[in-house]
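Below is one structure, written out as structure tokens; comments come after it.
Below, all heavy atoms of this structure are taken into account, side chains as well, without hydrogens, waters or symmetry copies. Note that this is a predicted model, so its numbers are computed, not measured.
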Amino acid sequence: MVSERIDREQLCGQNPRCFLHLKLAIENPVEFYRIEVEILDINDNPPQFPSDEVSLRIYELASLGARFPIQPAQDPDVGTNTLQTYHLSANDNFNLNVKARTDGGKFPELVLERALDREFRAFHYLVLTAEDGGSPPQSSKIRITIQVLDANDNHPVFDRPSYGARLVENSPLGTLVVKLNATDVDEGPNGDIRYSLSSHNSAALRQIFAIDEQTGEIRVQGNLDFEEATVYEIEVEAKDMGSPTMEEHCSVVVEITDVNDNAPEVILTSFSSTLSEDALPGTVVAVIHVRDRDSGEQGKVLCHVSPDLPFQLRKDYEHQYSLLTSTRLDREHIAYYNVTVSASDLGNPPLSRHTILPITLIDVNDNAPQFEQASYEVLVAENNPVGSVLVTVSAADPDSEQNSRLSYSILRAGGTDPGLDPTRYLSIHPTNGQVTAKFPFDYEQTTYLQFHVEVSDGGSPALRNRTLVHVFVVDQNDNAPQVHFPRAGEDSATQLRISPSIVPPALITKVVAIDADSGRNAWLSYHLVEATDLGLFSVALRSGEVRIMRALQETDASEHELLVVVRDAGEPPLSTAVTLVVLVEEKGPEALQGSEAQAADGGGLPSITLYLIVSLVLISTVSLVALAALGIRCLRRGSAPASQGGCVESVNTLQPPPSHIFGHFHYEPKKGDTVMGVPVTATAPPAPRYRSCFSPVSDISEFMFVKPSADPTLCSEQAQPNTDWRFSQSQRPGTSGSQNGEEAGAWPNNQFDTEMLQAMILASANAAEPFLSRGKASPMLREGWDRKRK
């Protein structure tokens, strides 16, 4: 009997027949029996695969018909119970092929009937069933997982064929433009995508934009300028990492939005930096073209210039202006202009640009030279060196360069008299205006000179101007006094006769001297330097009268010699000496009284004193008639100026004649003085005139000595002088006739008293000469006169 379960597959394995051999031993009697038991197979074992699941990796590009073996299932049963067949689950790509070996084994194979597509199905899941022939049959299954291996058979694909973006110009660096997205259905390296800018893009665009190869982000890396490009089209490519590489392209259109980031530009189409100052208003100086690279309102430009300048802008047409002069120009006022042209756009905020146009005015000769002074007054000491500079006239011309180059000249006087031509005596440097003397001046011949200096510029035509130069010759003490009475002989001694019975202080004679100089240089004083008896005679300091101081005595000498010195007040003083010999004669008449009596006895002829009185009366009468005529003339003219016809309005308005016309340095009249002009013919060039003035405050016996004058008109006909020049009180000349005390040291204010007396005595002496020559004077007086003439 069977004591335990018999497993044929364990006992016999795969043998078709299975026998179990037993030995049976019987003890009584001992017998051995051999028993063979055949074990028949039953279908107790299903087919078994080595594993429940198997995986296959098949390249998706595997060719059709490719076979892929599957490990077979094992069935320990034998016979009909063993593995009989395989079944494959339904699918689209694979078929089952079972191969039988000679030993009866069966091997399943998967046959590729249809091309694989990993992108369509990456994994295929199949079930393979092994079934035996038992009854009932048993089976087992195995899951087959087929992984389709990828092949780089798909290129990357962008999610959009083109992309668009809008950016503001001047966007900051790193600004994101767009993020691209491309996919590749392949896997692994075949589906790994790298982004890049296509080689079709320009180098300039590559400098503006950059792309991240991993993320596909396009960012700004350069300057975005709307004025350079309003739209950028970027070509981008996406590549996988398969082999061979597959790629795809797309375009990115970036639109740039304009901002007001460009200031207007000012372009000079035509410009002249120099302009003549006489250019008429409306003259075109420059043609200006303006532009703005911005668009829209931001690209519209307005131009203007400062209204303070003599220029204006005229708009010719869009974007073009002309710069014109608006008023007259004056280079001497402003010689250089910086014209600022301002161009502004209409952006918000507006941008502007300023262009400076330097304009230089070219000078024209439109200004005449102008002297610094309308007239020049010059004081020149006589005896000046030849070639010494008297005055320098100076003129200025606001023009420039050649138009301001000045030339000076002295105008020749009209007429035919060569003595009136100042160019004989003066010369002027043509460039620096220095007036020099050709000859020394002599105050005693010429005290005043006037001439015109003309200045001309170097323009074409030349412009000219004139000024008047007054030259006043200042007296120098270069003339010693000259004794005119009594006239001395060759031995410089004059004899006088007096009676022994003369009563002191009788006038013996009067020394009359004249100094050709003027002012202080002509103030004379008389001094008794030597005498036989100093106590017997005296000489008046100012009048020169010689008087006897005491009665003559018997012990006194019969002949007295007096040395009288006449000295002027110049620096240094000059003097002249005269010797008087006084003879005391018993029968001789007195020098002056005796001659008068003798003349009366001789037939009633007028004496010297009578001549003096008659002359004084005549001169006074003429003066009164002239003053009356002047007064009537002034009354007729009413309120006419004092300079017309020699009239003065009142004594308080009497002023010194003007220094620029009157030819002498004058005494200033005091209140109550009356001035009268007397023309006197002279011979020294230029032909001088003379004036004589009578002062009612002087002694009746005195007459003013004539002095030269350059003006032929009356004293009171002159205009008011230049008050910048006056004699001080100490410099005012005076004479001896009006002094307060004969021996006082102070000089009087009236300079003409002594000279009047000298002229009177000299005129009387000259008038007495024919009288004496006719024999009508006393023998003693005639003898003295003849000795004096010799």
Side-chain angles (χ1 to χ4, degrees), residues 483-513 526-540 543-566 576-612 757-758 760-790:
V483 177
H484 286 257
F485 186 85
R487 296 182 182 271
E490 295 181 358
D491 56 353
S492 299
T494 300
Q495 291 185 358
L496 301 173
R497 291 176 174 82
I498 62 175
S499 172
S501 60
I502 190 171
V503 178
L507 175 65
I508 297 177
T509 187
K510 184 172 184 178
V511 178
V512 178
Y526 301 85
H527 308 272
L528 180 59
V529 178
E530 295 180 4
T532 304
D533 186 351
L534 289 176
L536 183 58
F537 299 95
S538 69
V539 177
S543 62
E545 294 178 346
V546 180
R547 296 180 181 273
I548 189 168
M549 301 305 297
R550 62 178 176 84
L552 293 174
Q553 300 177 2
E554 294 182 358
T555 57
D556 291 329
S558 61
E559 180 178 327
H560 297 270
E561 185 173 333
L562 308 179
L563 179 61
V564 179
V565 174
V566 183
T576 300
V578 60
T579 301
L580 302 178
V581 177
V582 180
L583 302 176
V584 180
E585 295 183 0
E586 184 69 27
K587 296 181 180 181
E590 294 183 0
L592 295 180
Q593 290 95 341
S595 62
E596 181 181 354
Q598 189 71 19
D601 296 339
L605 293 176
S607 64
I608 294 178
T609 302
L610 181 60
Y611 274 104
L612 294 178
L757 181 60
Q758 294 172 351
M760 180 185 65
I761 297 176
L762 182 60
S764 301
N766 292 333
E769 180 175 359
F771 167 73
L772 295 175
S773 61
R774 290 195 302 266
K776 297 180 180 182
S778 64
M780 183 180 297
L781 187 59
R782 187 183 301 111
E783 180 182 356
W785 178 258
D786 292 339
R787 187 182 298 112
K788 180 188 68 169
R789 292 183 61 185
K790 294 179 181 179

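- For R550 against D533, the heavy-atom pair with the smallest separation is NH2-OD2, 2.7 Å.
- When all heavy atoms are compared, the tightest approach of P504 to A551 is CG-N, 3.5 Å.
- Going from atom CZ of F537 over to atom CD1 of I508 covers 4.5 Å, rounded to the nearest 0.5 Å.
- Closest of all the heavy-atom pairs between L563 and A577 is CD1-CB, 3.8 Å.
- Inter-residue side-chain proximity for H527 and V539 is flagged as unmet; no heavy-atom pair is nearer than 4.5 Å.
- The line from CE of M549 to CG of L534 is 12.5 Å long, rounded to the nearest 0.5 Å.
- Across P500 and E585, no two heavy atoms sit closer than the pair CD-O, 3.0 Å.
- Residues I498 and H560 have side chains not in contact (no heavy-atom distance under 4.5 Å, counting atoms from C-beta outward).
- At a threshold of 4.5 Å between non-hydrogen side-chain atoms, the residues T509 and F485 count as touching.
- The backbone N or O of L580 lies less than 3.5 Å from no partner atom in the side chain of T494, so there is not a single donor-acceptor pair.
- Distance check: T579 OG1 to Q495 CD gives 11.5 Å after rounding to the nearest 0.5 Å.
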- side chain to side chain contact (heavy atoms under 4.5 Å, CB included) between L496 and V546, intermediate numbers included: CA-CA 11 Å; L496 301 173; V546 180; over 6 Å; no
- Task: Go through the steps to decide whether V578 and V511 satisfy the test side chain to side chain contact (heavy atoms under 4.5 Å, CB included), and finish with yes or no.
- Result: CA-CA 9 Å; V578 60; V511 178; 4.2 Å; yes
